[in-house]
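The next block holds one structure in the form of structure tokens; read it before the comments.
Just so we're on the same page: letters track the sequence lines, and every chain starts at 1. Since this is a predicted model, take the numbers as computed values, not measurements.
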Amino acid sequence: MTAKIAYDDVEVGTELPAQSFPVTRATLVQYAGASGDFNPIHWNEKFAKEVGLPDVIAHGMFTMAEAIRVVTDWTGDPGAVVEYGVRFTKPVVVPNDDQGAVIEVSGKVAAKLDDNTVRVDLTATSAGQKVLGMSRAVVRLA
Amino acid sequence: MALDQSFVGRSYPPTEPYEVGREKIREFAEAVGDANPAYTDPEAAKALGHPDVIAPPTFVFAITFKAAGQVIQDPQLGLDYSRVVHGDQKFSYVRPVRAGDRLTVTSTIEAIKSMAGNDILDIRGEVHDEAGEHVVTAWTKLVARAADTEGEA
């Protein structure tokens, strides 16, 4: 494993480059196919509303997949991720318009751990709401 | 109805092997819009020290969640899946999943809790490769929301 960021070059508080990830209905259909999660709340507005949701929502695992990109784009090697966990706090609501939704993700180094690893705390929001809680990754640096 | 606490600690038989394919990894990486060459270009993956293309960190969920179906659909446990939402998800990696892996999953019920009428189920999935080496552990927290109380108000 060969992360392009050196352990000695980061400190607690080091910010990772933030990113924005757009998500439309087409994105969700593509993710459903790739992941095998065909729950209709992710593509069928009528069904989503019948079960009490405001509209179609993104797969939680899609949001989780996007959020870790802030870490894997930073390290270069996705294999450097040692641990990754999230809590799904609010759904990402994806309207059927030309815009869809946007997931905004930022991250910073929260702790320097043993064995060249650091803990990165991630923040993910959509439409001003925090969509992930306790979103943390442990990553091994060079 | 609260789930039976005696299921805590129960493990289910390992799944049949899931063979990780390069094109499946590519399809997943494209679906999440991630152009990292380690997912699609074997040479780029090798330059990072991996024997073949690797999968994005959350790719393995499709495999562990399918395995967790043994728990979710266990008629003896009696979880009402129509009320289930995904609460938390965590992974701990020994190494990244890669093309060519033949992965089996052993699911275990780690905890069952009942809070405000909701059933909370923690499932651990241990993922091993064909050589029996541990690759990743996935923890999935499922919350079965309390049944509707219409007519009681």
Side-chain angles (χ1 to χ4, degrees), chain A residues 1-4 19 21-24 26-37 39 41 51-53 57-69 71-89 91 103 132-140 142, chain B residues 18 23-39 44-66 69 81-98 136-143 145 148:
Chain A
M1 270 162 273
T2 41
K4 66 187 181 194
Q19 295 193 54
F21 303 103
V23 44
T24 66
T27 317
L28 297 183
V29 170
Q30 191 177 358
Y31 184 79
S35 68
D37 182 345
N39 188 327
I41 61 173
V51 298
L53 294 166
I57 62 168
H59 304 73
M61 290 305 300
F62 175 82
T63 303
M64 188 175 185
E66 297 304 331
I68 196 64
R69 287 177 58 192
V71 175
T72 56
D73 286 353
W74 181 61
T75 60
D77 182 4
V81 177
V82 177
E83 268 182 42
Y84 178 36
V86 306
R87 174 162 296 165
F88 302 105
T89 51
I103 303 166
L132 297 178
M134 302 288 289
S135 183
R136 295 171 168 186
V138 174
V139 58
R140 181 166 290 117
Chain B
Y18 173 100
E23 296 306 328
K24 189 65 194 176
I25 292 175
R26 178 192 300 275
E27 182 188 357
F28 186 90
E30 285 177 355
V32 297
D34 195 331
N36 194 313
Y39 303 141
K46 281 175 194 160
L48 294 169
H50 306 296
D52 203 330
V53 293
I54 62 171
T58 62
F59 174 89
V60 76
F61 180 78
I63 305 167
T64 60
F65 192 64
K66 193 174 176 195
Y81 187 62
S82 70
R83 299 186 180 285
V84 166
V85 295
H86 197 176
D88 294 23
Q89 181 61 39
K90 186 180 171 189
F91 301 99
S92 178
Y93 306 90
V94 177
R95 66 162 173 85
V97 167
R98 58 190 179 230
V136 51
T137 301
W139 289 269
T140 300
K141 185 186 291 288
L142 299 176
V143 181
R145 291 166 295 156
D148 289 336

Item to check | Asn36(B) portion near chain A, given a 4.5 angstrom heavy-atom threshold | outcome: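 The answer is the side chain of Asn36(B).
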Item to check | chain A contact via Ala138(B) - side chain, backbone, both or neither, heavy atoms under 4.5 Å | outcome: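 Contact with chain A is absent: no heavy atom of Ala138(B) under 4.5 Å.
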Checklist entry - Roughly how far, to the nearest 0.5 Å, is NZ of Lys24(B) from OG of Ser35(A)? => result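 Rounded to the nearest 0.5 Å, the OG-NZ separation comes out at 7.5 Å.
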Item to check | Separation of Asp37(A) CG from His86(B) NE2 (nearest 0.5 Å) | outcome: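 The distance works out to 10.0 Å.
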Next on the checklist: List the residues meeting ring-ring contact (aromatic ring centres under 6.0 Å, His included) with Tyr31(A), not counting sequence neighbours, and say none if there are none.
Outcome noted: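 Tyr31(A) satisfies ring-ring contact (aromatic ring centres under 6.0 Å, His included) with His59(A), Phe62(A), Phe28(B) once adjacent residues are dropped.
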Next on the checklist: Please enumerate all residues that pass ring-ring contact (aromatic ring centres under 6.0 Å, His included) together with Tyr84(A), with sequence neighbours excluded.
Outcome noted: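 Tyr84(A) satisfies ring-ring contact (aromatic ring centres under 6.0 Å, His included) with no other residue.
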Between [X] and [Y], which heavy-atom pair has the shortest distance, and what is it?
X	Y	value
Pro96(B)	Gly79(A)	CG-CA, 3.8 Å
Thr27(A)	Ala31(B)	CG2-O, 4.3 Å
Met61(A)	Gln89(B)	SD-CG, 3.9 Å

Checklist entry - Quick one: are Asp77(A) and His50(B) in side-chain contact, heavy atoms under 4.5 Å? => result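 SC-SC contact between Asp77(A) and His50(B) confirmed.
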Next on the checklist: Quick check for you: among Arg87(A), Met134(A), Lys4(A), Glu66(A), which has the greatest number of heavy-atom pairs under 4.5 Å with chain B?
Outcome noted: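 It is Arg87(A).
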Item to check | Which of Pro57(B), Gly87(B), Ser92(B) touches chain A most, by non-hydrogen pairs under 4.5 Å | outcome: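 Max contact count across the listed options: Gly87(B).
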Next on the checklist: Using a 4.5 angstrom heavy-atom cutoff, name the option from Tyr39(B), Trp139(B), Phe91(B) with the most pairs to chain A.
Outcome noted: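 Top count of heavy-atom pairs under 4.5 Å with chain A: Phe91(B).
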